[in-house]
Amino acid sequence: MADFGGTDLEAFRAETRAWLAENYPASLNTPMGEDDAPWGGRQFAWKNPDAKLWLDRMAAKGWTAPMWPKEYGGGGLSKEENKVLEQELRNIRARPALMSFGLWMLGPVLLEYATEEQKQKFIPPIIRGEIRWCQGYSEPGAGSDLAALQTKCEDKGDHFLINGQKVWTSYADQADWIFCLVRTDTTKKHEGISFVLFDMTTPGVEARPIKLISGSSPFCETFFDNVKVPKDQMVGKLNGGWEIAKRLLQYERQNISASGFGGGGGLDLVEVAKKEIGVDEQGRLDDGDLRARIAAHRMDAHAFMLTVRRAEVESKASKGPSAAVSIIKYAAAKMNQDRYELMVEAMGLQGLGWEGEGFAKDELAVTRGWLRSKGNSIEGGTSEVNLNVVAKRVLGLLDHQ
Amino acid sequence: MAVLNEEQTMLRDAAREWTQENAPTTALRKLRDGKTKATFDAPTWAEMGQMGWAGVIVPEEHGGSAFGYLSLGLVLEETGRTLAASPLISTALTGASALMLGGSDAQKAEWLPKIAAGEIVATLAVDEGSHHAPEKIAFAAQKNGGGWVLNGTKTFVLDGEAADLLIVAARTSGKGTDGLTLFLVDGDAPGVTRTHLSLADSRGAAKIAFESVEVGADAVLGEVDKGWAVLEPTLDRARAGLAAEMLGTATQAFEVTLEYLKTRTQFGQVIGAFQALQHRAAKMFTDLETARSCVEAALEAIDAGQDVRATASLTKARVNEILHLASIEMVQMHGGIGMTDEHDAGLYMKRARVAEALFGGTTYHRDRYARIMGF
Ligand SMILES: Cc1cc2nc3c(=O)[nH]c(=O)nc-3n(C[C@H](O)[C@H](O)[C@H](O)COP(=O)(O)OP(=O)(O)OC[C@H]3O[C@@H](n4cnc5c(N)ncnc54)[C@H](O)[C@@H]3O)c2cc1C
C-alpha cells in the first residue's frame with residue numbers, strides 16, 4: 001500500500017468499509033455517554049461487552065494506533081490511509097475503540113525516545129488497551145512552572161527510590177501505570193529532571209481522589225513513599241527528562257485540541273436556543289442579542305475548523321508543524337467554553353439543573369459539561385502559559401523580567 | 001461606596017460580622033450535603049429575623065424598621081459575599097415589595113408584620129419556563145362566583161417549597177402586560193403541588209402546579225387586570241436587590257482571587273507579578289466599581305420614589321456581566337485548585353449562573369433597556 005496513487009487508496013477504502021460493516025457491533029450504534037468511555041486497563045469494568053469486542057477487533061488490526069509501526073502492533077498506515085480510516089469511522093459514527101493517555105501522550109514519545117526493549121515491552125499493551133496510564137507531572141508547587149518539581153528520585157545502585165507527591169493526576173486511582181517526572185539532580189532546574197515509568201501497584205504508591213466542581217472525581221493526589229523502581233524503567237537519559245516532558249506536552253496539547261473537546265451532550269446549540277426561546281415570524285431566534293453571539297461563536301468554530309485543516313495541509317507540505325499549531329490548544333479551549341456558556345444561557349435555568357426531577361438527562365449533562373469545560377483552559381498547560389509560549393517562541397517577544 | 005449614615009454603617013458592619021461568622025460558605029456546603037432538600041437553613045433564617053433583616057424595607061407601623069432599599073442592599077451584599085442561603089430575596093425583598101406596592105390596608109396589616117418578624121416565607125411565582133419572561137405570562141385565573149380559580153404551573157420559584165404565601169402572577173384577560181392580576185395564595189392551599197428542583201447553586205427552587213385552586217376576591221393584590229402596575233416595580237426592586245447580593249458575591253470572588261495572585265508563586269515569583277494577570281485583575285476591578293455605582297444608584301432611586309425601570313435593567317445587566325467574569329476568573333486564576341470541589345471557586349461560579357438567570361439574564365435586560373430608552 002505504499003503507492004497512494006489513488007486506486008490503492010480506493011481499494012483500501014472499500015476494504016475498510018466492508019470490514020467495518022462486518023465488525024462494528026450494532027449495539028454501539030447510539031451516542032456515547034460519558035460513562036461509556038472505553039478507557040481499558042486492568043481494572044476496567046466494561047459496561048457493554050460489545051465495547052470490549054470492538055476494542056479487541058480494532059486492536060487486532062492495529063487500528064487503535066493506525067499509524068504506529070506494525071512491529072509493535074500498530075496499524076502501519078500511511079497518513080492518507082489513516083485519513084480514509086477516520087472518514088469511514090466517522091461515516092458510521094463509530095465510537096472510539098479506546099481512549100487512552102498511552103495512545104495520545106506516552107506512546108508517541110516512547111517511539112521517539114525509548115530503547116528497543118522498552119518499546120517492545122510497553123507499546124503493544126497500549127495498543128491493545130491492556131494497560132491504562134496516568135500522567136504524573138503536576139505537583140502542589142509545580143503547575144505552570146512544571147520544572148520546579150520536587151519529587152525525589154535517588155539512584156540506589158540496582159534501583160531508583162522515589163519519594164514525593166503529585167497532584168491533579170487524572171484517573172490515577174484507576175490507572176495501572178504512571179509516566180512520571182522526577183528530580184534526579186537538585187542542583188539544576190531543567191537539567192535535573194528524569195522521566196520514569198512504574199506500576200501503580202508498586203508498594204508505596206497511593207492515589208487519593210479529589211472531587212471536582214462538576215461533582216465527579218477523576219483527579220487524584222498521588223503520593224510516593226519509598227517507591228522502588230527498576231532502573232530499566234527510565235526513558236531517555238538520566239537528567240534528560242525535560243526534553244521528553246516537553247515533547248509529551250506537545251502531543252497532549254495536540255490531542256486536546258484535535259478532539260475539539262467534543263461533547264455538548266449531543267445537543268445542538270441553535271436547536272436548543274430555538275426551543276427554549278422561540279423564533280420570530282421569519283424563523284429567526286427570538287433574541288437578537290443571543291442570536292448575534294451564537295452566530296459569532298459559530299463563526300469562531302468554523303474558522304477554527306478551517307485553521308486545523310490548513311495546519312494539517314501545511315505541516316504535511318513542509319514536514320514540520322505550522323505556526324498555527326501553537327494557537328490551536330488555546331483556541332480550542334476557548335471555543336468549547338464559549339459553546340457551553342452559550343448553551344447554559346440558551347437553556348436558562350433548565351440548563352443549570354444538578355440532579356433529580358424536572359430535568360432531562362441531556363440537560364443535566366450540560367450542567368456538568370459546562371463545569372468540566374472550565375478545566376480546558378487549565379489542563380495540559382493553562383491558556384496563559386500557552387499564550388506565553390506563542391509570544392516568546394513564535395512571535396519572538398521577550399520575557400519582561 | 002455610597003455615603004452611608006450612621007445606622008447604615010452599623011447595619012453593614014453587623015451584617016458582615018454575622019454572615020462571616022454564622023453563615024460562611026461552609027454553611028452552604030452543609031445545606032448542599034444535608035439530607036433535606038431545603039433551600040435555606042431555618043435556624044439561620046430565624047436569627048436573621050431576630051436581627052431585623054426581614055423587615056428592613058417594611059414600614060414601622062407594620063413592624064419593620066423602614067430603613068429602605070439601600071440598607072437592605074447592604075445586608076444582601078454581605079450575604080452574597082458568603083453565599084448565605086436565606087429567604088431574604090424571596091421574602092424580605094420581593095414579597096415585601098409586592099405587598100407594599102400593591103397591598104390593601106388589610107393585606108398589608110395581615111402579612112407585612114409576619115414578614116418583618118421573619119415568621120413567614122413569601123415568594124413571587126412569576127416565571128413559567130426556563131427564562132424570565134413576565135410579559136409572556138399564560139398562567140390562567142378565571143372568575144369563579146365572587147372569587148377566582150387558578151390553573152397552571154409556575155417554575156423556578158425561589159424558596160417555593162417553604163413558602164407560606166405565594167404571590168402568583170396570572171392572566172385574567174388581554175395580552176402581554178395588559179390583563180395580568182396578582183393573587184395571594186396560601187402555600188398549602190388545596191390543589192397546590194410543589195416539586196423540588198435541584199439547581200447547580202445548591203439552593204434550588206420549586207416547580208408549583210396549581211390545579212383548580214380557589215381563592216376569594218380578597219386574594220387579589222392590586223387591581224384586577226392591572227397587575228403589571230404592581231408586578232413591574234416589584235420585579236425591578238427584586239432585580240436591584242438581587243444585584244446587590246450578586247455584587248457581594250462578585251466582590252468576594254474578586255478579593256479571594258486577588259489574594260491568591262499575591263500569594264501563589266510560580267517561576268520564582270507571585271503569579272500577580274505577571275502582567276497577563278495584572279491587567280485582567282485591574283479590568284475586573286474597574287467593572288466591579290462601575291457595577292457598584294449602578295447598584296447603589298438603583299437602590300437610592302427606589303428609596304427616593306423615582307422611576308427605576310432603566311436603572312434596574314442597567315444594574316442587573318452590569319452585575320450579571322461582572323459576576324460572570326469574576327467567577328470564571330476565580331476558577332482560571334486558581335489553576336487546578338479552582339477546579340476542585342473543596343475550593344470555593346466552583347460554588348461562586350454555580351451561584352453566579354443561577355443568579356444571572358433569575359429575574360432576567362443579560363440579554364433580557366439589554367433588550368429591555370433599549371426598549372425603555374425608546375430604540
Ligand atoms: C481537568 C484537569 C486535568 C489535569 N490532569 C492532569 C494530569 O493528569 N496530570 C498532571 O500532572 N496534571 C494534570 N493537570 C494539572 C495541570 O497541568 C495544572 O493544573 C496546570 O499546569 C496549572 O498549574 P497549577 O494548577 O499549579 O496553576 P498555577 O501554575 O498555580 O497557575 C495559577 C494561575 O496563574 C497563571 N499563571 C501561571 N504562570 C503564569 C505566567 N507565567 N504568565 C501568566 N499567567 C501565569 C495560570 O495560567 C493560572 O491562571 C490537570 C488539570 C486539570 C484542570
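Throughout, protein chains are lettered first and strands after them, A, B, ... in sequence-line order, and every chain is numbered starting at 1.
- Chain A forms the most heavy-atom pairs under 4.5 Å with one residue out of B:Lys37, B:Glu356, B:His324, and that residue is B:His324.
- Note: A:Phe359 CZ to B:Leu197 CG = 5.0 Å, rounded to the nearest 0.5 Å.
- Other residues, nucleotides and ligands contribute at most 12 non-hydrogen atoms within 6.0 Å of the NZ atom of A:Lys275.
- Of the atoms belonging to B:Thr195, it is side-chain heavy atoms, and not backbone ones, that fall under 4.5 Å from chain A.
- In this structure, A:Trp370 CH2 and B:Met349 CE are separated by 4.5 Å, a value rounded to the nearest 0.5 Å.
- With values rounded to the nearest 0.5 angstrom, B:His334 atom NE2 is found 10.5 Å from A:Ile378 atom CD1.
- Contact tally against chain A (heavy-atom pairs below 4.5 Å) for B:Lys350, B:His196, B:Glu342: the top residue is B:Lys350.
- Counting non-hydrogen atoms of neighbouring residues, nucleotides and ligands closer than 6.0 angstrom, the CD atom of B:Glu135 exceeds 12 such neighbours.
- Heavy atoms only, all atoms of each residue included: B:His131 and A:Met347 are closest at NE2-C, 3.7 Å.
- Within the 4.5 angstrom heavy-atom criterion, only backbone atoms of A:Ala346 (N, CA, C, O) approach chain B.
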Exercise for review: Take A:Asp289 and B:Tyr364 through the test side chain to side chain contact (heavy atoms under 4.5 Å, CB included) and record every step on the way to the result.
Suggested key: CA-CA 9 Å; A:Asp289 180 49; B:Tyr364 176 88; over 6 Å; no
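- Annotation: A:Tyr330, atom OH; neighbour count of heavy atoms from other residues, nucleotides and ligands within 6.0 Å does not exceed 12.
- In this structure, chain A has no heavy atom under 4.5 Å from any part of B:Ile271.
- If you tally non-hydrogen atom pairs under 4.5 Å between each of A:Ser138, A:Gly356, A:Gly141, A:Gly215 and chain B, the highest count goes to A:Gly141.
- Only the side chain of B:Arg366 comes within less than 4.5 Å of a heavy atom of chain A; its backbone N, CA, C and O stay farther away.
- Only the side chain of A:Thr367 comes within contact range of chain B, with at least one heavy atom under 4.5 Å from a heavy atom of that chain.
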Practice item. Decide side chain to side chain contact (heavy atoms under 4.5 Å, CB included) for B:Phe156 and A:Gln350; before the verdict, give the C-alpha distance in whole Å, the side-chain angles of both, and the deciding distance to 0.1 Å. Key: CA-CA 9 Å; B:Phe156 300 112; A:Gln350 203 63 36; 3.5 Å; yes
Check your understanding: Would A:Leu349 and B:Arg353 count as a side chain to side chain contact (heavy atoms under 4.5 Å, CB included) if you check the C-alpha gap in whole Å, the side-chain angles of each, and the deciding distance to 0.1 Å?
Key -> CA-CA 9 Å; A:Leu349 288 168; B:Arg353 291 308 173 281; over 6 Å; no
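- Among B:Lys136, B:Arg264, B:His343, the residue with the largest count of heavy-atom pairs under 4.5 Å with chain A is B:Arg264.
- Contacts between A:Arg368 and chain B at a heavy-atom distance below 4.5 Å are absent for every atom of the residue.
- With values rounded to the nearest 0.5 angstrom, B:Asp367 atom CG is found 7.0 Å from A:Asp287 atom CG.
- Proximity to chain A (any heavy atom under 4.5 Å) is restricted, for B:Leu277, to the side chain, taken from C-beta onward.
- Using a 4.5 Å cut-off between heavy atoms, A:Glu345 contacts chain B through both its backbone and its side chain.
- Heavy-atom pairs under 4.5 Å with chain A peak, among B:Leu347, B:Ile337, B:Thr362, at B:Ile337.
- Crowding of A:Arg393 atom CZ: a count of heavy atoms from other residues, nucleotides or ligands under 6.0 Å not exceeding 12.
- Between the B:Gln332 side chain and the A:Ser377 main chain, a donor and an acceptor come within less than 3.5 Å of each other.
- The OG atom of A:Ser217 sits 8.5 Å away from the CG atom of B:Asp341 when rounded to the nearest 0.5 Å.
- With a threshold of 4.5 angstrom between heavy atoms, A:Leu352 approaches chain B through its backbone and through its side chain.
- Between A:Glu357 and B:Lys207 no salt bridge is recorded (no basic side-chain N to carboxylate O distance below 4.0 Å).
- Looking only at distances, no side-chain donor or acceptor of A:Asp145 sits under 3.5 Å from a matching main-chain atom of B:Gln266.
- Note: A:Ile277 leads A:Thr382, A:Ile277, A:Val167, A:Ile210 in heavy-atom pairs under 4.5 Å with chain B.
- The closest side-chain heavy-atom distance from A:Glu384 to B:Arg280 is below 4.5 Å.
- Here the CZ-CG distance, from B:Phe274 to A:Asn388, works out to 7.5 Å after rounding to the nearest 0.5 Å.
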